[in-house]
Each structure stands twice: as C-alpha cells, then as structure tokens.
There are 2 protein chains.
Amino acid sequence: MYISTKTGYALRALVELALAGENEPLSLTELAQRQQLPFKYLEQLFRKLKKAELVLSRKGSRGGYLLARKKAEISMQDIMNAVEDSQQYSYCSIDKFDDDYCQGSGCGFRSLWDRIGTDLEHYFSGISLSEIVNKYV
Amino acid sequence: MYISTKTGYALRALVELALAGENEPLSLTELAQRQQLPFKYLEQLFRKLKKAELVLSRKGSRGGYLLARKKAEISMQDIMNAVEDSQQYSYCSIDKFDDDYCQGSGCGFRSLWDRIGTDLEHYFSGISLSEIVNKYV
DNA sequence: CAATCTCCTACTAATTAAGTATGTTATTGA
DNA sequence: TCAATAACATACTTAATTAGTAGGAGATTG
C-alpha cells in the first residue's frame, strides 16, 4: 500500500501552479522543465486534473494551466481521486468467495474495508494544497 | 492507493486462525478450503507471516499454524508489514530529481511523505485482530 | 513407514503503472 | 493572416509489480 508516483507528480505540479501567479497560466512545457517530469505524461495527468475541475486551461500561445480553486480548497484526496485509476482504498475480493462466506454488504470484511476507506478518505481530505505549500515547500 | 489482496488474504487467514482453537493448529489445506484461497499462494504468505513472528507452525501430520501472539497483539500494520513487499506507504521519487530540486532529507515533499507514512502506520497499528474478530466477523 | 504437513525455490501469467508517439484543434502575437 | 505555441485526444509500448503455479525436500505423527 503506497502512494503512486502519479499522485506524486500531480502534487508537485499543483504546488508549482500554486507558487505561480494567480492569473498567469503556467505551460506544461515550462512545468515539465522545472520539475524534470516527462512532458507527455504530464499532459495526461492534466487532462485528468482538468476533468476533476482542479485546474483550468488556456489554449494557444501564452496559454497553460491555472488552479481552478483556492489552494485551501484542494486536498490530497481530491488529487488522488482525480489522478488515480481505482477510486477505492481497499477492495473486497468478494467475487472470489461463494455466498456462504461473503454475502454482499453483509460481509464482515467488506464493512471493515469500508470503514478503512472512509477513515483514509477523511485523513487525506484534511491535507490541503495550501498546507503543503506552507509547511513543506 | 489501495490495500492489496495479499493483505486481504492474510487477514482472512489470521482471522480463521483466531477463530480456531488455541492449541489446535490449523493446516493450510483446511484453511485454503474454508476460505477458497489458492493453497500454494497461502503457503507463501504464511512463510512471511512466520518470518514476521505472527504465527507458529507445527510440522508433520496433524500439523498446521497457530497464532504466535494474542489476537489483541496483532495489528493490521503488523500484517501489512509482514506480507507486503514495499514497507513504505509513500516514496519520494527523489532519484529522478537533481540536487537543485530535491536534496535528501531536506526535500519538502519527502518530509510530507514521511509524515503521511507515520500517520498511516499509526492508524493501522490501532486496528487489532481481536477488534476485527469482535466487530466485523 | 506412509500419510500429512510445512518449507523452499523458481517459474509463469495477469494486471497495473509509467512513459512514448503522433496527430488535431484552438489561440495569441508579430 | 500566418506561424508559433500550447492544450486536447488517442493509441501504443515498456517496465514493474502482483497474483498465482509447479515440483520437490524435510519434518512429524499415527
């Protein structure tokens, strides 16, 4: 169980946006250079970030990306949700078990996973981009 | 970020041991049947669980596995540590960045990852096998 | 001594993550 | 108005990790 580099990249990138000016879009070319991240990979991440409405874009020359919300309104949970493929923290391998053992929502393990999922979601929702920028960067 | 089936399997298996008698070892053959888990895969998991001193084994006929500690003394963190390959919750992709950006322990992101790792470790250490057995099974 | 187990190593298969390649569309500034 | 710039989109390749298999050696009990 670990945080993917995908989330790491996204976080770095958003921190960079947070540090940039409010109204000056930062281009991915620039961003990729500053963070030494693969440009084409970033493009993909940003498509997801945009879909999740964490960033806005401006096309064309002098275009780029901007944060769509205030730093304080973007949490690590948001970022992970946007970028990570599986939305769940844990999954019950329910389909491998027959009905005697694991019966949908009645399954004990499933409710354990659910609890853990909720707890972790709560935890990561509590870490905002502004906190990261202030404390760690 | 999610909990692997490996951890799920191990948890299920240990719960099964917890439910079994104190001094009657449970064989993997039996366990695999009860939980519908692949026997050979379980063997590997149990080798790790034994190495981590979470279980004891008795060889030979009528042999099997027993919990090495009281249920309350085994946490999800223990299980994950034992079974999961990477011991870290998060890793800094430090080696991809040059020294200008990320300088070992001085790197802001790294300390963020460290904080998260510590927090999660603490969280999972707080979930014991006995709690799981009591509340969820 | 035979059945039943753990123990050990080395594969293979499947899935996911990471990264590349190629091209299209929109916007700005010269 | 056109050329440069940068987002948008899709499809593909490679690398890494996870899940699962296979076969046999070494103990122990009835």
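Letters A, B, ... are given to chains in the order of the sequence lines, protein chains preceding strands, and every chain is numbered from 1. On a predicted model such as this, the values are computed, not experimentally measured, just so you know.
- In terms of the salt bridge (Lys or Arg N to Asp or Glu O under 4.0 Å) criterion, residue partners of B:Lys48 (sequence neighbours excluded) are, by chain and number, B:Asp85.
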Nucleotide-resolved protein contact map, nucleotides 10-16 of chain C, B/S/- at heavy-atom distance under 4.0 Å: B------
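- Between the P atom of D:dA7 and the CG atom of A:Leu66 lies a distance of 11 Å, rounded to the nearest Å.
- Remark: C1' of D:dG20 and CD of B:Gln36 are 16 Å apart, rounded to the nearest angstrom.
- Taking five base pairs at each end of the helix from C:dC1-D:dG30 to C:dA30-D:dT1, the local helix axes there meet at an angle of 10°, rounded to 10°.
- The distance between atom CG of A:Leu45 and atom C1' of D:dC8, rounded to the nearest whole Å, is 14 Å.
- Between A:Ser111 and A:Asp114, the side chains place no donor N or O within less than 3.5 Å of an acceptor N or O (distance only, hydrogens not considered).
- With ring centers used as reference points, A:Tyr9 lies under 6.0 Å from A:Tyr41.
- As rounded to whole Å, 13 Å separates atom C1' of C:dT9 from atom NZ of B:Lys51.
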Do any side-chain atoms of residues 126-135 of chain A form donor-acceptor pairs under 3.5 angstrom with protein atoms, and if so which ones, sequence neighbours left out?
residue: A:Ser128; atom: OG; partner: A:Ser130; partner atom: OG; Å: 3.0
residue: A:Ser128; atom: OG; partner: A:Glu131; partner atom: N; Å: 3.1
residue: A:Glu131; atom: OE2; partner: A:Lys135; partner atom: NZ; Å: 3.2
residue: A:Glu131; atom: OE2; partner: B:Arg115; partner atom: NH1; Å: 2.8
residue: A:Asn134; atom: ND2; partner: A:Ser130; partner atom: O; Å: 3.1

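- Residues meeting the salt bridge (Lys or Arg N to Asp or Glu O under 4.0 Å) test with B:Lys70, sequence neighbours left out: none.
- Listed for the A:Asp119 side chain is no donor-acceptor partner under 3.5 Å among the backbone atoms of A:Ile116.
- Atom OH in B:Tyr41 sits roughly 16 Å away from atom C1' in C:dT9 (whole-Å rounding).
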ring-ring contact (aromatic ring centres under 6.0 Å, His included) between A:Phe46 and A:Tyr65, worked out: CA-CA 9 Å; A:Phe46 269 80; A:Tyr65 287 94; 4.7 Å; yes
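- As rounded to whole Å, 15 Å separates atom P of C:dT28 from atom CD of A:Glu24.
- Contact annotation: the side chain of B:Leu11 never approaches that of B:Val83 to less than 4.5 Å [non-hydrogen atoms, C-beta and beyond].
- Put simply, A:Tyr9 has no side-chain N or O that comes within less than 4.0 Å of OP1 or OP2 on C:dA18.
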So which protein N/O to nucleotides 4-7 of chain C N/O distances come out below 3.5 Å?
residue: C:dT4; atom: O2; partner: B:Ser61; partner atom: N; Å: 3.1
residue: C:dC5; atom: O4'; partner: B:Gly60; partner atom: O; Å: 3.3
residue: C:dT6; atom: OP1; partner: B:Leu28; partner atom: N; Å: 2.9
residue: C:dT6; atom: O3'; partner: B:Ser57; partner atom: OG; Å: 3.4
residue: C:dC7; atom: OP1; partner: B:Lys50; partner atom: NZ; Å: 2.5
residue: C:dC7; atom: OP1; partner: B:Ser57; partner atom: OG; Å: 2.6
residue: C:dC7; atom: OP2; partner: B:Tyr65; partner atom: OH; Å: 2.7
residue: C:dC7; atom: N4; partner: B:Glu43; partner atom: OE1; Å: 3.2
residue: C:dC7; atom: N4; partner: B:Glu43; partner atom: OE2; Å: 2.5

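- Applying the 6.0 Å contact sphere to CD of B:Glu53 captures no more than 12 heavy atoms from other residues, nucleotides or ligands.
- Between the side chain of A:Thr5 and the main chain of A:Gly8, no donor-acceptor pair closer than 3.5 Å is present.
- With rounding to the nearest 0.5 angstrom, the CE atom of B:Met80 is 11.5 Å from the NZ atom of B:Lys6.
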